[in-house]
Amino acid sequence: MRCRDGKRGRMGLVQKTDIPTDMKAARELAEQIVTQAEDCGYSAEVVFAIKLALEEALMNAIKHGNRRDPDKHVHVEYSVDSKRAEIRIVDQGEGFDPTNVPDPTADENLECPTGRGIMLMRAYMDHVEFSEQGNTVRMIKNNG
Amino acid sequence: MEGQKDVIVVSQQAGAHVVEFVVERLLDEVDIARISEQLDLLIKQMDSPLLVLDFANVKYMSSSALGMLITLYKRICERNGRMALCTVRAEIYEVFTITKLSEVFQIYESRTTAMAGLA
(Lines give C-alpha, C1' and ligand atoms only; values in the text may rest on other atoms or scores of the structure.)
Protein backbone atom coordinates (compact mmCIF):
# COMPACT_ATOMS: atom_id res chain seq x y z
CA MET A 1 0.00 0.00 0.00
CA ARG A 2 1.29 3.46 -0.83
CA CYS A 3 1.24 6.42 1.49
CA ARG A 4 -2.28 7.85 1.25
CA ASP A 5 -1.13 11.27 0.12
CA GLY A 6 1.53 10.01 -2.23
CA LYS A 7 4.08 11.60 0.15
CA ARG A 8 3.02 15.08 -0.93
CA GLY A 9 2.03 16.13 2.55
CA ARG A 10 -1.71 16.54 2.03
CA MET A 11 -4.00 15.57 4.87
CA GLY A 12 -4.52 11.81 4.62
CA LEU A 13 -7.94 10.23 4.30
CA VAL A 14 -9.74 9.80 7.58
CA GLN A 15 -10.66 6.17 7.98
CA LYS A 16 -13.37 5.15 10.41
CA THR A 17 -14.08 1.74 11.81
CA ASP A 18 -15.73 -0.02 14.72
CA ILE A 19 -13.98 -2.99 16.26
CA PRO A 20 -15.31 -5.48 18.80
CA THR A 21 -14.15 -5.35 22.40
CA ASP A 22 -11.32 -7.76 21.71
CA MET A 23 -7.54 -7.26 21.70
CA LYS A 24 -7.06 -9.55 18.70
CA ALA A 25 -9.20 -7.25 16.55
CA ALA A 26 -7.51 -4.24 18.13
CA ARG A 27 -4.03 -5.51 17.23
CA GLU A 28 -5.10 -6.27 13.66
CA LEU A 29 -6.27 -2.68 13.29
CA ALA A 30 -3.10 -1.39 14.99
CA GLU A 31 -1.04 -3.36 12.45
CA GLN A 32 -2.96 -1.73 9.58
CA ILE A 33 -2.25 1.73 10.97
CA VAL A 34 1.40 0.91 11.60
CA THR A 35 1.74 -0.51 8.08
CA GLN A 36 0.40 2.76 6.66
CA ALA A 37 2.97 4.67 8.71
CA GLU A 38 5.72 2.41 7.36
CA ASP A 39 4.42 2.92 3.82
CA CYS A 40 4.67 6.66 4.38
CA GLY A 41 8.33 6.31 5.27
CA TYR A 42 8.09 6.87 9.03
CA SER A 43 11.30 5.97 10.88
CA ALA A 44 11.52 2.82 13.00
CA GLU A 45 11.56 5.04 16.09
CA VAL A 46 8.31 6.76 15.13
CA VAL A 47 6.68 3.46 14.17
CA PHE A 48 7.68 2.05 17.57
CA ALA A 49 6.07 5.04 19.29
CA ILE A 50 2.80 4.70 17.36
CA LYS A 51 2.66 0.97 17.98
CA LEU A 52 3.24 1.35 21.70
CA ALA A 53 0.70 4.16 22.08
CA LEU A 54 -1.91 2.24 20.07
CA GLU A 55 -1.43 -0.86 22.21
CA GLU A 56 -1.92 1.14 25.39
CA ALA A 57 -4.85 3.21 24.13
CA LEU A 58 -6.72 0.24 22.67
CA MET A 59 -6.08 -1.83 25.79
CA ASN A 60 -7.42 1.02 27.93
CA ALA A 61 -10.56 1.25 25.76
CA ILE A 62 -11.21 -2.48 25.92
CA LYS A 63 -10.18 -3.27 29.49
CA HIS A 64 -10.98 -0.11 31.45
CA GLY A 65 -13.48 1.58 29.12
CA ASN A 66 -15.70 -1.20 27.82
CA ARG A 67 -14.69 -3.52 30.67
CA ARG A 68 -14.38 -6.32 28.12
CA ASP A 69 -18.14 -6.25 27.49
CA PRO A 70 -18.62 -8.14 24.18
CA ASP A 71 -21.81 -6.17 23.50
CA LYS A 72 -19.82 -2.95 23.27
CA HIS A 73 -17.47 -1.80 20.55
CA VAL A 74 -14.56 0.60 20.14
CA HIS A 75 -14.80 3.30 17.48
CA VAL A 76 -11.51 4.26 15.82
CA GLU A 77 -10.81 7.09 13.37
CA TYR A 78 -7.37 7.53 11.92
CA SER A 79 -5.45 9.24 9.19
CA VAL A 80 -1.86 8.66 8.23
CA ASP A 81 -0.03 10.86 5.73
CA SER A 82 3.56 11.80 5.12
CA LYS A 83 3.44 14.51 7.81
CA ARG A 84 1.64 12.90 10.70
CA ALA A 85 -0.50 10.10 12.06
CA GLU A 86 -3.64 11.05 13.92
CA ILE A 87 -5.76 8.53 15.81
CA ARG A 88 -8.99 8.98 17.72
CA ILE A 89 -10.31 6.12 19.87
CA VAL A 90 -13.75 6.17 21.49
CA ASP A 91 -14.99 3.51 23.90
CA GLN A 92 -18.47 2.99 25.29
CA GLY A 93 -17.45 3.12 28.92
CA GLU A 94 -18.29 5.60 31.64
CA GLY A 95 -15.00 7.42 31.16
CA PHE A 96 -12.58 8.66 33.79
CA ASP A 97 -10.97 11.86 34.97
CA PRO A 98 -7.69 12.04 33.07
CA THR A 99 -6.47 14.82 35.38
CA ASN A 100 -6.78 12.50 38.35
CA VAL A 101 -4.41 9.72 37.35
CA PRO A 102 -1.60 9.09 39.87
CA ASP A 103 1.95 9.74 38.67
CA PRO A 104 3.48 6.26 38.23
CA THR A 105 6.99 7.74 38.57
CA ALA A 106 6.32 9.17 42.04
CA ASP A 107 8.35 7.32 44.68
CA GLU A 108 5.23 5.95 46.36
CA ASN A 109 3.90 4.53 43.04
CA LEU A 110 7.14 3.31 41.51
CA GLU A 111 6.57 -0.30 42.55
CA CYS A 112 2.86 -0.31 41.74
CA PRO A 113 2.28 -2.82 38.91
CA THR A 114 -0.36 -0.72 37.11
CA GLY A 115 -0.97 2.83 35.87
CA ARG A 116 1.74 3.37 33.24
CA GLY A 117 -0.30 3.15 30.02
CA ILE A 118 -1.35 6.81 29.79
CA MET A 119 2.12 7.95 30.78
CA LEU A 120 3.67 5.93 27.93
CA MET A 121 1.11 7.32 25.45
CA ARG A 122 1.98 10.87 26.50
CA ALA A 123 5.72 10.14 26.39
CA TYR A 124 5.72 8.60 22.92
CA MET A 125 3.13 10.67 21.06
CA ASP A 126 3.50 14.37 20.24
CA HIS A 127 -0.02 15.19 21.33
CA VAL A 128 -2.47 13.25 23.53
CA GLU A 129 -5.80 14.63 24.65
CA PHE A 130 -8.77 13.09 26.37
CA SER A 131 -12.37 14.23 26.11
CA GLU A 132 -13.88 15.75 29.23
CA GLN A 133 -15.77 12.52 29.87
CA GLY A 134 -12.57 10.53 29.41
CA ASN A 135 -13.88 7.94 26.97
CA THR A 136 -12.24 9.47 23.90
CA VAL A 137 -8.54 9.86 23.30
CA ARG A 138 -6.97 11.71 20.37
CA MET A 139 -3.30 11.15 19.65
CA ILE A 140 -0.97 12.69 17.09
CA LYS A 141 2.51 11.63 16.07
CA ASN A 142 4.49 13.78 13.66
CA ASN A 143 6.69 12.12 11.10
CA GLY A 144 10.22 13.19 11.91
CA MET B 1 0.23 -25.86 28.41
CA GLU B 2 -0.52 -28.21 25.54
CA GLY B 3 -0.73 -26.58 22.12
CA GLN B 4 0.71 -23.31 23.35
CA LYS B 5 4.04 -22.06 22.16
CA ASP B 6 6.65 -21.36 24.83
CA VAL B 7 7.08 -17.69 25.56
CA ILE B 8 10.11 -18.13 27.79
CA VAL B 9 12.98 -20.59 28.06
CA VAL B 10 14.53 -21.08 31.49
CA SER B 11 18.03 -22.44 31.99
CA GLN B 12 20.43 -22.65 34.91
CA GLN B 13 23.78 -20.96 34.87
CA ALA B 14 26.23 -20.66 37.80
CA GLY B 15 23.59 -20.78 40.52
CA ALA B 16 21.17 -18.42 38.79
CA HIS B 17 18.18 -19.03 36.56
CA VAL B 18 18.35 -17.35 33.18
CA VAL B 19 14.99 -16.53 31.65
CA GLU B 20 15.06 -15.88 27.93
CA PHE B 21 12.02 -14.32 26.32
CA VAL B 22 11.40 -16.18 23.08
CA VAL B 23 8.84 -13.75 21.70
CA GLU B 24 9.50 -10.37 20.10
CA ARG B 25 6.39 -8.82 21.59
CA LEU B 26 5.60 -8.80 25.29
CA LEU B 27 2.10 -7.47 24.72
CA ASP B 28 -0.44 -10.24 24.92
CA GLU B 29 -2.11 -10.49 28.32
CA VAL B 30 -2.42 -14.27 28.01
CA ASP B 31 1.33 -14.58 27.33
CA ILE B 32 2.13 -12.22 30.18
CA ALA B 33 -0.09 -14.17 32.60
CA ARG B 34 1.60 -17.42 31.53
CA ILE B 35 5.08 -15.97 32.07
CA SER B 36 4.03 -14.70 35.47
CA GLU B 37 2.60 -18.11 36.43
CA GLN B 38 5.69 -20.01 35.24
CA LEU B 39 8.13 -17.72 37.02
CA ASP B 40 6.04 -17.66 40.16
CA LEU B 41 6.22 -21.45 40.30
CA LEU B 42 9.97 -21.31 39.73
CA ILE B 43 10.78 -18.80 42.47
CA LYS B 44 8.52 -20.58 44.96
CA GLN B 45 10.91 -23.54 44.76
CA MET B 46 13.90 -21.42 45.88
CA ASP B 47 14.90 -19.75 49.12
CA SER B 48 16.90 -16.89 47.61
CA PRO B 49 16.05 -16.88 43.92
CA LEU B 50 18.55 -15.34 41.53
CA LEU B 51 16.98 -14.50 38.17
CA VAL B 52 18.49 -13.02 35.04
CA LEU B 53 15.89 -11.90 32.49
CA ASP B 54 17.37 -11.82 29.00
CA PHE B 55 15.54 -9.32 26.78
CA ALA B 56 17.61 -9.83 23.62
CA ASN B 57 14.60 -10.91 21.54
CA VAL B 58 12.11 -8.38 22.88
CA LYS B 59 11.25 -5.58 20.46
CA TYR B 60 7.93 -4.38 21.88
CA MET B 61 6.63 -4.25 25.41
CA SER B 62 3.42 -2.94 26.97
CA SER B 63 2.67 -1.46 30.37
CA SER B 64 1.09 -4.84 31.26
CA ALA B 65 4.51 -6.47 30.83
CA LEU B 66 6.05 -3.79 33.05
CA GLY B 67 3.44 -4.65 35.67
CA MET B 68 4.35 -8.32 35.44
CA LEU B 69 8.05 -7.47 35.95
CA ILE B 70 7.29 -5.34 39.01
CA THR B 71 5.19 -8.09 40.58
CA LEU B 72 7.94 -10.62 39.87
CA TYR B 73 10.59 -8.30 41.31
CA LYS B 74 8.59 -7.83 44.52
CA ARG B 75 8.06 -11.58 44.93
CA ILE B 76 11.76 -12.23 44.45
CA CYS B 77 12.64 -9.55 47.02
CA GLU B 78 10.17 -11.07 49.47
CA ARG B 79 12.12 -14.32 49.19
CA ASN B 80 15.46 -12.54 49.71
CA GLY B 81 16.40 -13.06 46.09
CA ARG B 82 17.68 -10.78 43.36
CA MET B 83 16.68 -10.07 39.79
CA ALA B 84 18.62 -8.55 36.92
CA LEU B 85 17.68 -7.64 33.35
CA CYS B 86 20.10 -7.82 30.46
CA THR B 87 20.59 -7.26 26.70
CA VAL B 88 17.76 -4.75 26.58
CA ARG B 89 17.37 -3.00 23.20
CA ALA B 90 17.73 0.79 23.22
CA GLU B 91 14.04 1.41 22.50
CA ILE B 92 12.96 -0.92 25.32
CA TYR B 93 15.52 0.60 27.68
CA GLU B 94 13.89 3.95 26.95
CA VAL B 95 10.56 2.54 28.20
CA PHE B 96 12.29 1.63 31.48
CA THR B 97 13.85 5.09 31.67
CA ILE B 98 10.61 6.99 30.98
CA THR B 99 8.78 5.01 33.65
CA LYS B 100 11.77 5.36 36.02
CA LEU B 101 11.82 1.59 36.37
CA SER B 102 15.49 1.76 35.37
CA GLU B 103 15.93 3.04 38.94
CA VAL B 104 14.15 0.00 40.36
CA PHE B 105 15.59 -2.80 38.22
CA GLN B 106 19.25 -3.67 37.80
CA ILE B 107 19.84 -3.56 34.04
CA TYR B 108 23.05 -4.90 32.49
CA GLU B 109 24.48 -4.88 28.99
CA SER B 110 25.10 -8.60 28.74
CA ARG B 111 24.15 -11.86 30.35
CA THR B 112 27.71 -12.18 31.67
CA THR B 113 27.66 -8.81 33.42
CA ALA B 114 24.19 -9.55 34.80
CA MET B 115 25.41 -12.86 36.24
CA ALA B 116 28.40 -11.07 37.76
CA GLY B 117 26.09 -8.40 39.17
CA LEU B 118 23.99 -11.00 40.96
CA ALA B 119 27.01 -12.86 42.36
Side-chain angles (χ1 to χ4, degrees), chain A residues 21-31 33-34 37-38 42-64 66-68 101-126 128 137 141, chain B residues 4-5 7 23-37 39-40 43 53 55 57-79 81-83 85 88-107:
Chain A
T21 299
D22 167 50
M23 273 315 284
K24 188 171 179 285
R27 290 207 178 103
E28 283 170 6
L29 176 63
E31 276 304 319
I33 298 172
V34 164
E38 286 169 340
Y42 288 34
S43 68
E45 198 180 312
V46 173
V47 168
F48 178 89
I50 295 172
K51 201 166 196 160
L52 186 76
L54 272 171
E55 172 74 24
E56 299 297 340
L58 289 165
M59 176 60 92
N60 278 351
I62 287 169
K63 191 176 174 181
H64 303 298
N66 287 357
R67 297 189 185 276
R68 301 187 195 280
V101 178
D103 176 6
T105 62
D107 285 348
E108 65 272 22
N109 299 327
L110 212 47
E111 292 189 15
C112 177
T114 56
R116 290 177 179 79
I118 292 173
M119 187 205 180
L120 288 174
M121 287 155 57
R122 290 196 198 279
Y124 279 94
M125 298 301 270
D126 293 310
V128 175
V137 61
K141 185 71 181 174
Chain B
Q4 285 184 328
K5 205 177 158 193
V7 191
V23 290
E24 282 187 359
R25 298 166 187 224
L26 281 181
L27 300 174
D28 190 83
E29 282 201 314
V30 177
D31 285 348
I32 291 168
R34 278 176 61 209
I35 295 170
S36 183
E37 228 171 84
L39 296 181
D40 209 25
I43 61 173
L53 306 180
F55 275 76
N57 296 320
V58 179
K59 291 182 180 172
Y60 296 99
M61 192 169 65
S62 65
S63 61
S64 303
L66 293 175
M68 177 271 290
L69 291 174
I70 292 165
T71 304
L72 177 67
Y73 170 77
K74 285 160 90 172
R75 284 181 185 152
I76 289 174
C77 290
E78 280 165 15
R79 300 184 76 84
R82 294 176 72 191
M83 178 177 114
L85 280 56
V88 179
R89 285 167 191 263
E91 57 272 31
I92 298 294
Y93 187 80
E94 197 186 5
V95 174
F96 286 118
T97 310
I98 289 168
T99 53
K100 284 197 179 174
L101 289 175
S102 52
E103 294 173 18
V104 176
F105 302 139
Q106 292 179 289
I107 305 178

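Letters go in sequence order (proteins before strands), and every chain restarts at 1. Note: hydrogens, waters and symmetry copies are ignored here, and every other heavy atom, side chains too, is used. The structure displayed is predicted, hence computed values, not measured ones.
A:K24 does not touch chain B: none of its heavy atoms, backbone or side chain, sits under 4.5 Å away. For A:L120, the part sitting under 4.5 Å from any heavy atom of chain B is the side chain, from C-beta outward, and nothing else. Neither the backbone nor the side chain of A:T114 comes within less than 4.5 Å of any heavy atom in chain B.
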Subject >> Test side-chain contact (heavy atoms from CB on, under 4.5 Å) applied to B:I92 and A:F48, step by step >> reply: CA-CA 10 Å; B:I92 298 294; A:F48 178 89; 4.2 Å; yes
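A salt bridge is absent between A:E55 and B:R25; no separation between the charged side-chain nitrogens and carboxylate oxygens falls under 4.0 Å.
In terms of heavy-atom pairs under 4.5 Å with chain A, the best-connected choice from B:M61, B:E91, B:M68 is B:E91. The residue among A:M23, A:K51, A:E45 with the most heavy atom pairs within less than 4.5 Å of chain B is A:K51. For the options B:T99, B:L69, B:V104, heavy-atom pairs under 4.5 Å to chain A are most numerous at B:T99.
When atom types are taken as modelled, the side chain of B:S36 and the backbone of B:I32 share no donor-acceptor pair closer than 3.5 angstrom. For B:K74 (side chain) and A:E111 (main-chain N/O), a donor-acceptor pair under 3.5 Å exists by modelled atom type.
Rounding to the nearest 0.5 Å gives a distance of 4.5 Å between CE of A:M119 and OG1 of A:T105.
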